Amino acid sequence: MTYPLPARRPHLWRVLDAYCCIGGATRGYQWFGAHVTGVDVRPQPDYCGDDFHQGDAIAFIRDHGHEFDFIHASPPCQGEGAPAKGTNAARGNAHPRLIGPTRAALESTGRAWVMENVAGSQVRKDLRLCGEQFGLGVLMHRYFELGGWTITQPPHPVHRGYVRGWRHGEYRDGPYVAAYGKGGGKATVAEMRQAKGIDWSHDHFNLREALPPAYTRWIATAYVDYLATRPEAPWEVAV
């Protein structure tokens with residue numbers, strides 16, 4: 001099941017993509033006509049945005065977030081999901097818990113924002129998106145906390161089958177690939193590129209981490225639809 005996108009778009013829309021990685025989220029906002037600046041603590045030679053700053057995302061949000069019209073943040077999820085928490089505890093791994101500090105930085109900007117993460121994280125579950133909503137080859141359920149705006153949760157379509165791969169000693173085929181890890185029938189680089197709609201990088205790790213651009217194009221559309229209902233909307237909304 002897919003959801004059509006209206007032709008509305010804001011003028012001179014500047015978006016900040018915090019923890020941008022290669023720019024999966026960035027590309028969705030670009031598809032909607034935004035100028036997107038990415039910030040990431042690691043160098044990102046494959047980043048697809050219009051501008052890039054290497055550095056601490058939280059500090060950048062605090063210092064520059066007010067300069068943008070909308071902010072997207074995807075704090076690292078390695079320490080957030082329920083399975084990851086158990087595995088990390090067993091192995092003695094320690095990953096930074098950045099959702100709380102990121103939320104505080106976002107709220108300090110006075111701008112509208114969205115923060116994305118996995119099930120089991122501390123992100124408030126204002127919105128859930130799934131690859132099946134966009135006809136993608138991954139399920140990749142992600143939750144989004146919204147700041148300064150609201151949205152109605154779209155229906156969650158029935159999945160067409162299994163995620164391909166080995167589970168508990170049994171191999172199952174299906175219409176979706178597992179875009180994480182290696183081995184066990186998990187997606188190759190070529191399969192992840194196809195399944196997520198990302199054609200500008202061949203980096204296996206970053207492709208695993210990247211959000212499908214279809215998610216953020218949908219979010220951009222939803223936010224502009226929200227603005228169209230607000231008399232104080234900062235932009236003219238063209239139809």
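Given the structure is predicted, the values throughout are model-derived calculations rather than measurements.
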Legend entry - Member of Lys186, Arg208, Arg164 meeting the salt bridge (charged side-chain N to carboxylate O under 4.0 Å, His left out) criterion with Glu191: Arg164

Legend entry - Value rounded to 0.5 Å, distance of CE in Met115 from CD1 in Ile71: 11.5 Å

Inset, instruction - May I ask whether Trp149 and Val224 are part of the same hydrophobic cluster, defined by side-chain heavy atoms of I, L, V, M, F, W, Y residues being less than 4.5 angstrom apart, directly or through others? - result: yes

Inset, instruction - Taking Gln54 for its side chain and Val41 for its backbone only, find out whether a donor-acceptor pair lies under 3.5 Å. - result: yes

Inset, instruction - Please work out whether the ring planes of Tyr223 and Phe70 are parallel, tilted or perpendicular, with thresholds of 30° and 60°. - result: tilted

Legend entry - Arg217 charged N/C atom sitting above Phe32 aromatic ring, 6.0 Å / 45°: no

Inset, instruction - Taking Lys196 for its side chain and Gln194 for its backbone only, find out whether a donor-acceptor pair lies under 3.5 Å. - result: no

Legend entry - Minimum heavy-atom distance Tyr29-Ala220, with the two atoms named: CD2-CB, 3.8 Å

Inset, instruction - Specify the closest pair of heavy atoms between His72 and Ala25, including all atoms of both residues, with the distance to one decimal. - result: NE2-CB, 3.6 Å

Inset, instruction - Take Thr26 and Tyr47 through the test side chain to side chain donor-acceptor pair (under 3.5 Å) and record every step on the way to the result. - result: CA-CA 9 Å; Thr26 288; Tyr47 180 60; 2.8 Å; yes

Legend entry - Whether Gln133 side chain and Pro154 backbone form a donor-acceptor pair below 3.5 Å: no

Inset, instruction - Taking all heavy atoms of Gly197 and all of Pro213, pick out the closest pair and write down the distance. - result: O-CG, 3.8 Å

Inset, instruction - Take the angle between the ring planes of Trp218 and Phe134 and call it parallel below 30°, perpendicular above 60°, tilted in between. - result: perpendicular

Legend entry - From CD1 (Ile61) to OG (Ser108), nearest 0.5 Å: 8.5 Å

Inset, instruction - Check whether any side-chain N or O of Arg124 sits under 3.5 Å from a backbone N or O of Leu146 as a donor-acceptor pair, and report yes or no. - result: yes

Inset, instruction - Any chance you could measure Ile22, atom CD1, to Arg42, atom CZ, to the nearest 0.5 Å? - result: 10.0 Å

Legend entry - Interatomic spacing from CD in Gln153 to CG in Asp126 - rounded to 0.5 Å: 9.5 Å

Inset, instruction - Find out if a path of hydrophobic residues (ILVMFWY) with successive side-chain heavy-atom gaps under 4.5 Å connects Tyr162 to Met140. - result: no

Inset, instruction - Identify the heavy atoms of Leu106 and Ala73 that sit nearest to each other, and give their distance. - result: CD1-CB, 4.2 Å

Inset, instruction - Check whether the ring centres of His141 and His156 lie less than 6.0 Å apart, and answer yes or no. - result: yes

Legend entry - Check: Phe68 main-chain N/O paired with Arg111 side-chain donor or acceptor under 3.5 Å: yes

Legend entry - Side-chain (Arg14) to main-chain (Asp69) donor-acceptor, under 3.5 angstrom: no

Inset, instruction - State plainly whether one hydrophobic cluster holds both Tyr143 and Val114, where clusters connect Ile, Leu, Val, Met, Phe, Trp and Tyr through side-chain heavy atoms under 4.5 angstrom apart. - result: no

Legend entry - Spacing of OH belonging to Tyr215 relative to CZ belonging to Phe144, to within rounding of 0.5 Å: 7.0 Å

Inset, instruction - Might you point out which heavy atoms bring Gly55 and Val39 nearest each other, and give the distance in Å? - result: O-CG2, 3.9 Å

When the side chains of residues 170-184 are checked against the rest of the protein, which donor-acceptor pairs come out under 3.5 Å, sequence neighbours left out?
unit_1	atom_1	unit_2	atom_2	d
Tyr176	OH	Glu132	OE1	2.7
Tyr176	OH	Arg160	N	2.8
Tyr180	OH	Arg167	NH2	3.3

Legend entry - Pairwise distance CG(Asn117) to CG(Leu211) - rounded to 0.5 angstrom: 10.5 Å

